[in-house]
Number of protein chains: 2
Amino acid sequence: MSQRKVISLETIRVACRNCSLSSLCLPMGLTAEDVERLDGIVKRTRPLHRGDFLFRDGDRFRSLYVVKTGSVKTFAPSPEGGEQVLGFHLPGEIIGLDAIDKDAHACSAKVLETSAICEIPFSRLEELTATIPSLQHQMYRLLSKEIGHDTDMLLLLGKKNAEERLAAFLLSLSRRLQKRGLSATDFYLSMSRHEIGNYLGLAVETVSRLFTRFQDDGLMRVDRKHIQLLDVHALQSLVGGAGQNRRQHQQQT
Amino acid sequence: MSQRKVISLETIRVACRNCSLSSLCLPMGLTAEDVERLDGIVKRTRPLHRGDFLFRDGDRFRSLYVVKTGSVKTFAPSPEGGEQVLGFHLPGEIIGLDAIDKDAHACSAKVLETSAICEIPFSRLEELTATIPSLQHQMYRLLSKEIGHDTDMLLLLGKKNAEERLAAFLLSLSRRLQKRGLSATDFYLSMSRHEIGNYLGLAVETVSRLFTRFQDDGLMRVDRKHIQLLDVHALQSLVGGAGQNRRQHQQQT
DNA sequence: ATGTTCGCTTGATGCAGGTCAAGCGACGGT
DNA sequence: ACCGTCGCTTGACCTGCATCAAGCGAACAT
């Protein structure tokens with residue numbers, strides 16, 4: 001996020017082994033030699049710009065994509081012509097795993113800001129994983145992690161109110177940016193209020209009102225797309241649902 | 001579902017190659033020889049009963065589980081002490097994929113009715129997939145499919161109203177039962193109204209009222225847990241969101 | 001600089017569905 | 001056969017958030 005300068009070609013050609021994201025990406029836990037082999041199949045594309053598509057819903061599945069810098073949103077069409085934002089993807093995150101099953105993309109991926117993206121042809125990757133057990137394991141973990149993440153979203157959409165959703169969203173961004181060595185409390189939103197609302201199952205107006213409220217309550221500072229979190233702990237307790245006396249659907253069997 | 005008789009030991013010891021579910025399960029597309037090898041690592045447990053756990057949230061991850069007969073629900077604890085039902089699993093469906101990442105289960109799996117379950121130790125499976133490319137591919141597809149399914153649920157929880165959610169739920173059950181050779185229009189619900197509501201992000205009362213309404217509208221017949229779908233096509237058009245003039249969050253960039 | 005667009009904010013209003021409350025019938029235990 | 005429990009239904013009410021409406025300011029083109 002907040003990546004405003006054009007990325008130089010120099011930067012792009014850096015290999016996996018030098019990539020600052022390797023600890024978040026596929027090479028995690030591989031030997032130097034295996035990283036070289038993986039490196040051999042990764043394509044590094046020229047910088048993409050806001051609005052560019054990595055792929056569109058319906059496209060044949062060929063490659064996975066890893067965000068190197070910038071950010072990408074994925075979204076699926078809903079039957080009525082609207083769309084559901086499925087996620088915002090930051091550096092080190094992998095896009096396209098959901099397309100393996102049907103060998104076609106069920107969602108589209110659109111670049112939110114000038115971004116550098118690695119492309120990994122899946123068939124080549126699959127060959128490689130068959131001969132590198134730790135890479136295979138890493139793939140399973142990545143796919144599994146994606147499921148776990150979706151599960152978290154199900155809980156959020158199924159049980160949390162608007163306040164809890166937005167607080168969770170902000171904290172998720174914060175945590176992920178921090179992992180990438182960026183500020184956890186001061187960042188730019190590359191997505192619009194509308195996209196945030198869509199992602200969280202809320203109306204734009206609700207998102208806007210909540211930003212205002214959070215700011216009035218001293219939890220954060222908002223200036224257009226520039227966000228500063230002032231009281232992370234308070235936000236965390238909001239997510240916990242300590243928000244009020246919110247009744248939970250209890251479960252009995 | 002509606003599996004009331006106790007499963008005989010005879011049935012349980014049948015191997016993968018004779019399993020009627022093989023086309024839905026891991027063996028899909030394997031050679032006879034490879035199925036044998038897979039078969040060698042699969043454990044078949046004695047029948048489990050309503051309320052039994054396959055695993056609990058926090059347990060160390062060891063195995064994947066496949067439902068052979070019966071049904072299982074998975075659910076995750078939410079911070080406030082409630083829980084979120086994540087899914088209902090029918091014969092042929094695999095449980096536990098979300099635990100690979102952290103090597104621990106983040107949700108619990110509880111048997112809803114007398115069920116037969118296959119257990120597949122994951123470490124053994126992983127060894128096997130490294131030597132059987134088509135099995136590896138099958139695993140990737142399974143994991144990917146799970147992501148796709150979660151994605152559908154995100155859309156449902158994020159954009160659909162109560163009516164659309166329940167209709168989608170009924171049709172999903174119907175479709176899955178049909179794939180397993182059971183009736184698509186006449187079945188028992190092994191889960192409670194409460195669990196359905198929890199899964200769909202609705203209150204029990206709303207689920208109940210909708211069942212009544214759907215019945216009054218001639219879409220289905222409801223008698224306790226016995227369901228008969230009378231007008232599948234009408235239900236499908238409900239899901240489409242033709243429900244009214246439901247406004248969609250449009251997306252612009 | 002000036003107009004146009006578009007994303008965002010803010011206020012007013014309405015309603016889908018959650019919450020509360022009460023009753024009923026099925027089922028399991030003794 | 002009886003009773004208690006529990007899941008389900010139904011009605012009355014209430015509220016959180018969507019919807020509708022209006023206005024504002026930043027970014028951009030001319």
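Order of the sequence lines sets the chain letters (A, B, ...), proteins ahead of strands, with each chain counted from 1.
Rounded to whole Å, atom P of C:dG25 lies 14 Å from atom CG of B:Asp223. With rounding to whole Å, B:Lys159 atom NZ is found 15 Å from D:dC17 atom P. Distance A:Arg50 CZ to D:dA27 P: 13 Å, rounded to the nearest Å. In this structure, A:Arg213 atom CZ and C:dG11 atom P are separated by 14 Å, rounded to whole Å. Spacing between atom CG of A:Leu202 and atom P of D:dT19 amounts to 11 Å, rounded to whole angstrom units. Rounded to whole Å, atom C1' of C:dA26 lies 16 Å from atom CG of B:Leu189. One can place CD of B:Glu163 at 14 Å from P of C:dG18, the figure rounded to the nearest angstrom. Rounded to a whole Å, the CZ atom of A:Arg165 is 8 Å from the P atom of D:dC17.
Donor-acceptor pairing under 3.5 Å is recorded for the side chains of B:His226 and B:Asp186. Donor-acceptor pairing under 3.5 Å is lacking for the side chains of A:Ser71 and A:His89.
Between the two ends of the helix from C:dA1-D:dT30 to C:dT30-D:dA1, each summarised by a five-pair axis, the helix axis turns through 50° (rounded to 10 degrees).
Applying the salt bridge (Lys or Arg N to Asp or Glu O under 4.0 Å) rule to B:Glu205 yields no partners; only residues at least two apart in sequence or on another chain are considered.
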Is there any protein nitrogen or oxygen under 3.5 Å from a nitrogen or oxygen in nucleotides 8-10 of chain C, and what are the pairs?
| residue | atom | partner | partner atom | Å |
| --- | --- | --- | --- | --- |
| C:dC8 | OP1 | A:Arg193 | N | 3.4 |
| C:dC8 | OP1 | A:Lys225 | NZ | 3.4 |
| C:dC8 | OP2 | A:Arg193 | N | 2.9 |
| C:dT9 | OP1 | A:Arg193 | NH2 | 3.2 |
| C:dT9 | OP2 | A:Arg193 | NE | 2.9 |
| C:dT9 | OP2 | A:Ser208 | OG | 2.7 |
| C:dT9 | O5' | A:Ser208 | OG | 2.9 |
| C:dT10 | OP2 | A:Thr212 | OG1 | 2.6 |

So B:Phe187 and B:Leu182, side-chain contact (heavy atoms from CB on, under 4.5 Å) or not? Walk me through it. CA-CA 8 Å; B:Phe187 50 87; B:Leu182 302 170; over 6 Å; no

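In this structure, B:Leu170 CG and B:Gln236 CD are separated by 12.0 Å, a value rounded to the nearest 0.5 Å.
Counting only residues at least two apart or on different chains, no salt bridge (Lys or Arg N to Asp or Glu O under 4.0 Å) pair has a member in residues 218-233 of chain A. Applying the salt bridge (Lys or Arg N to Asp or Glu O under 4.0 Å) definition to pairs two or more places apart or across chains, none involves residues 145-154 of chain A.
Ring pair B:Tyr65/B:Phe55: centre-to-centre distance below 6.0 Å.
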Just distance, no hydrogens or angles: give the donor-acceptor pairs under 3.5 Å from side chains in residues 206-217 of chain B, sequence neighbours left out.
| residue | atom | partner | partner atom | Å |
| --- | --- | --- | --- | --- |
| B:Thr212 | OG1 | B:Ser208 | O | 3.1 |
| B:Arg213 | NH1 | B:Glu163 | OE2 | 2.6 |
| B:Gln215 | OE1 | B:Val222 | N | 2.8 |

